[in-house]
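The block underneath contains the structure these notes are about, expressed in structure tokens.
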Amino acid sequence: MPTGSPSCLWRCWCAGGPRSRKERGGAHWVGERHTRHLPVRHLRAARDRQRARRGPCRADAERAPGPAPGARRRPALPARAGPGRPWVRAGRGVPVSRPRPGPGRGGGGPAVCRCAALRRGHPGPRGDPARGRGRCPAGAGAAAAGRPAPASRPGRHRLPAAAGRHGRHAGARAAPARRGLTVPGGLPGALGLAVAEGRGVVVAPSGAVVVAPCTLGELVPRLRQLEQEQRPRWVWWQAGRDARPVVEAGVHLARCWDVAEVHRVLAGGLAADPGTVWAHLRGLDPAGVPQVAEPDLFALVSPAAQLDPETLTTADGHLRADAVQGSWITTPARLAAWARAALTAAEQQRAALAGAPRVPDSGGSPRDARRLLATALSESAAALLCVELEVHGLPIDRAAATALITAAAGPRPRDEAQASAIRAERDRAVLVHVPGRERTDLRNPLQVKEMLASVGVNVDNTRKWTLAAHRGSHPVVEALLTWRKAERVATTYGWHWLESHVGEDDRLRGAWTACDGGAGRMTAANGLHNLPAELRPAVAAHPGHVLVRADLGQIEPRVLAAVARDPAFADASQAADLYSPVAAELGVDRPVAKVAVLAAMYGQTSGSAGKALKRLDRAYPTAMAYLHRAYDAGVRGDAVVTWGGRRVPMWQGPLSEAQRAARGRFARNAVVQGAAAELFKAWAATVRAGGHPLGARIVLCLHDELLVHVREAHAEETVALVHRSLDEAAARWTGTHRVRFVADVSVVRRWSEAKA
DNA sequence: CACCGTGGCGCC
DNA sequence: AAAGGGCGCCACGGTG
């Protein structure tokens, strides 16, 4: 089946989707857009960018005079006053929301796929808004494809079998049986917090209201007081929705339980909206999760119309769709019910974690309830940290950024004419080497290929590493490579980037995700995770502050040593440079050992690492067996489970041998990269907690690197904190002291300084 | 005109 | 014999 064909798209979506771009046959989006329920922010951001260049699209014009872009969408349903004290009145009740667009995952509501975006905004191409190009995840698709709906995925085994069998009655069941329970019942100190439409509520596990529904202005001081007096564990559906307004108000919340993020641990994947989580906990078919109907089309037959207006769940036991979407939460009573439901979900999750069947994880050791709970807590903390990262932003030296961009992309153009003149000037430096071909469009790979062929450089593609081999053949090659770098900065990280993402307060902001659907890393938008090294001098502490820059050394092999429980590899981790003892053990040079270890974790079997890999197998059989088991599981299509207990599902479907091998490589890497991400988040959460009294704020997380922004006076304390936090987090997370983790920590003004 | 797929590339 | 993992972003050309 050709990749990119409609049936391929269909298959990818139904199957849970290939994670790797290569496995997708090079397609960028087949997986993400349709299988991972990408937050609309991606699509909205793309549209906004286009709009910035080309003006508003027709759909925008039709919506006008609707809410301004970035404004929170008002409920489309007529605001009906419920019992209690309704706060929604026609024409009033302006919600409190952050002024800038791009609310981030959870910030704009539950994660929804493109199809839902179509339903809400743009009609489908054939005027069929409900289906949206025929690949809507609402359920019809999966059934029609003759493939089991996501409900039958593994993962439900963590709930009692009866929950699934009894269907609609399952919702009434108590928490799952607590086999092997090692964690005391209940979430100590739990308080439910829900925020919607500028109002918030706090409820206790008993259901009692602790802070009655009130405006944010009234809520914030009460939260501060509770935080100070009780240090509660705040329980919410999703930090992006419930915690954001509180974080924006400047409140520091120490501990939390993020139902969405814990769901990602339990079930895997990215979809974690309340409706999906609820269905999962109740053993209900996720395909049956109610969707919000398009009001103007289906208002008369909307299931919501047949519901008791004050009941949170449908007859099937699902959460009502308009509650998940937010438009139902219009009264104090409903808001409190929403917060209580979060507490209920959290308690069920905790029980599911504690009572998890002791099936072997991909490394062969038993899943440990304590470890699972720790993962749930640090992933929750990461979700809150993500909100803080979005709200606080990364400090930028605007003058430095301006200078760097000018150097790479030329001066800020005053108008389109000047912009195109600058582009032409940049192009000329390349085209001057190919007389007679000055009309070549350097942004068109086909034309570039032809141009290169005309001067005797024949290449299959024009990628950087391909061209690099032809550097000596013709001067145009070098010029082209230089052009590419400049063009990169000019387009992606140029003036447009600076204006769109760096705020008046000189902070770079972008959306953060605590756990991607693949291996479990954090993700960030707007260049926060892929800022070119040449621009990093622009990331600088604000006056009176410094950046404490900490990065973990060789985290992935050390994590492998820990999770595989390989004694020999653990011994090697005692060295500050892990590759040195490995090289000695293998009898090869250090660079060879390094490549071999990395190749083992990434699944590479060819090239120069090949021979060293065999020796690696002999020297560290336990660690290598761990990787082999993950690979085999991936090839079979079985989900793998990371050390922290996070399930990583594999995409299904009829796959070629090569595609199954790719899935195996993905799985092999996922247990290492994913586990490293867990340790990283545990570390970050510890630093966050310890840094608060110092006024130290984490401003960037980059897979194995932390940037902490702190007043100069507290720099050294923060350095000590970062080291101490790593020791604590690693010991807690690995459950051993046998594996050593090291961090390189330095105090700098600019991110670019002091790279070890 | 908007959408989709793809080439290419930044970072870890 | 043998395709190294993950992410986000911008560009273009083709299509309906």
Side-chain angles (χ1 to χ4, degrees), chain A residues 3-6 8-9 19-30 32-33 38 42-43 45-47 49-51 53-59 114 118 122 124-126 133 441-449 461-467 481 484-485 487-494 496-497 510-511 513 516-536 551-552 555-556 595 598-607 609-610 613 634 657-659 661-674 676-677 680 701-705:
Chain A
T3 54
S5 71
C8 173
L9 297 180
R19 260 62 173 184
S20 133
R21 187 168 153 190
K22 173 176 284 187
E23 204 281 339
R24 293 193 298 268
H28 297 246
W29 292 105
V30 171
E32 291 93 337
R33 270 195 197 157
L38 258 203
H42 283 259
L43 308 156
R47 197 189 58 205
R49 278 193 303 274
Q50 298 235 334
R51 191 184 297 153
R53 286 195 295 270
R54 305 179 189 171
C57 67
R58 199 173 56 235
R114 204 188 116 60
L118 280 172
H122 299 266
R126 276 176 284 278
R133 283 209 186 270
D441 179 359
L442 295 177
R443 294 157 191 85
N444 182 332
L446 256 176
Q447 290 190 31
V448 170
K449 207 156 74 174
N461 58 62
T462 69
R463 290 172 193 168
K464 189 168 69 173
W465 48 91
T466 305
L467 293 179
L481 288 169
R484 282 260 174 85
K485 271 184 86 107
E487 177 76 0
R488 185 81 199 151
V489 173
T491 55
T492 306
Y493 307 103
H496 180 252
W497 169 82
T513 305
D516 66 63
R521 280 180 166 185
M522 296 170 79
T523 68
N526 298 346
L528 283 156
H529 269 184
N530 48 5
L531 198 67
E534 58 181 303
L535 290 186
R536 293 192 176 188
D551 70 293
L552 300 177
I555 180 177
E556 293 194 348
V595 169
L598 293 175
M601 293 185 301
Y602 288 166
Q604 183 184 0
T605 53
S606 65
L613 275 172
E657 207 58 38
Q659 287 171 324
R663 196 171 57 185
R665 289 193 297 276
F666 168 79
R668 180 198 322 240
N669 184 250
V671 294
V672 178
Q673 189 186 97
F680 177 84
C701 294
L702 193 46
H703 308 315
D704 64 350
E705 181 174 350

Original post:
Closest to the A/N461 side chain: B/dC9, C/dG6, B/dG8?
Top reply: B/dG8

Subject >> A/N669 side chain, from C-beta outward: closest of C/dG5, C/dG8, C/dA11 >> reply: C/dG5

**OP:** Ignoring the backbone of A/P445, work out which of B/dG8, C/dC7, C/dC10 is nearest its side chain.
**Re:** B/dG8

Subject >> Ring-base stacking, A/Y602 with C/dG5 (5.5 Å, 30° cut-offs) >> reply: yes

**OP:** Answer with yes or no whether the side chains of A/T466 and A/N461 bring together a donor and an acceptor at under 3.5 Å.
**Re:** yes

Subject >> Selection from C/dG13, B/dG10, C/dG5 that lies nearest to any side-chain heavy atom of A/P532 >> reply: B/dG10

Original post:
The side chain of A/N526 lies closest to which of these nucleotides: B/dC11, B/dG8, C/dC9?
Top reply: C/dC9

Subject >> Sidechain N-carboxylate O distance under 4.0 Å for A/K464, A/E487 >> reply: no

Subject >> Euclidean distance, atom CG of residue A/L613 to atom C1' of C/dA2 [Å, nearest integer] >> reply: 13 Å

Subject >> Proximal nucleotide (of C/dC7, C/dC10, C/dG5) relative to the A/T491 side chain >> reply: C/dC10

**OP:** Round to a whole Å and report the spacing from OH of A/Y493 to P of B/dG8.
**Re:** 18 Å

Original post:
For A/E657 and C/dA2, what is the distance between atoms CD and C1' respectively, to the nearest whole Å?
Top reply: 12 Å

Original post:
Taking atom CD of A/Q673 and atom CZ of A/F666, what is their separation to the nearest 0.5 Å?
Top reply: 8.5 Å

Subject >> Distance, nearest 0.5 Å, that separates NE2 of A/H529 from NE2 of A/H703 >> reply: 4.5 Å

Subject >> Phosphate contact (C/dG6 OP1 or OP2) by A/R668 side-chain N/O below 4.0 Å >> reply: no

**OP:** Rounded to the nearest angstrom, tell me the gap between atom CG in A/L442 and atom C1' in B/dG8.
**Re:** 14 Å

Original post:
Taking CG from A/D516 and P from C/dG8, how many angstroms apart are they, rounded to a whole number?
Top reply: 7 Å

Original post:
Out of C/dC9, C/dG5, B/dC12, which nucleotide sits closest to the side chain of A/F666?
Top reply: C/dG5

**OP:** Look at all strands and tell whether A/A600 reaches a base, only sugar-phosphate, or nothing, counting heavy atoms closer than 4.0 Å.
**Re:** nothing

Original post:
Between A/L598 (CG) and C/dG5 (P), how many Å, whole number?
Top reply: 14 Å

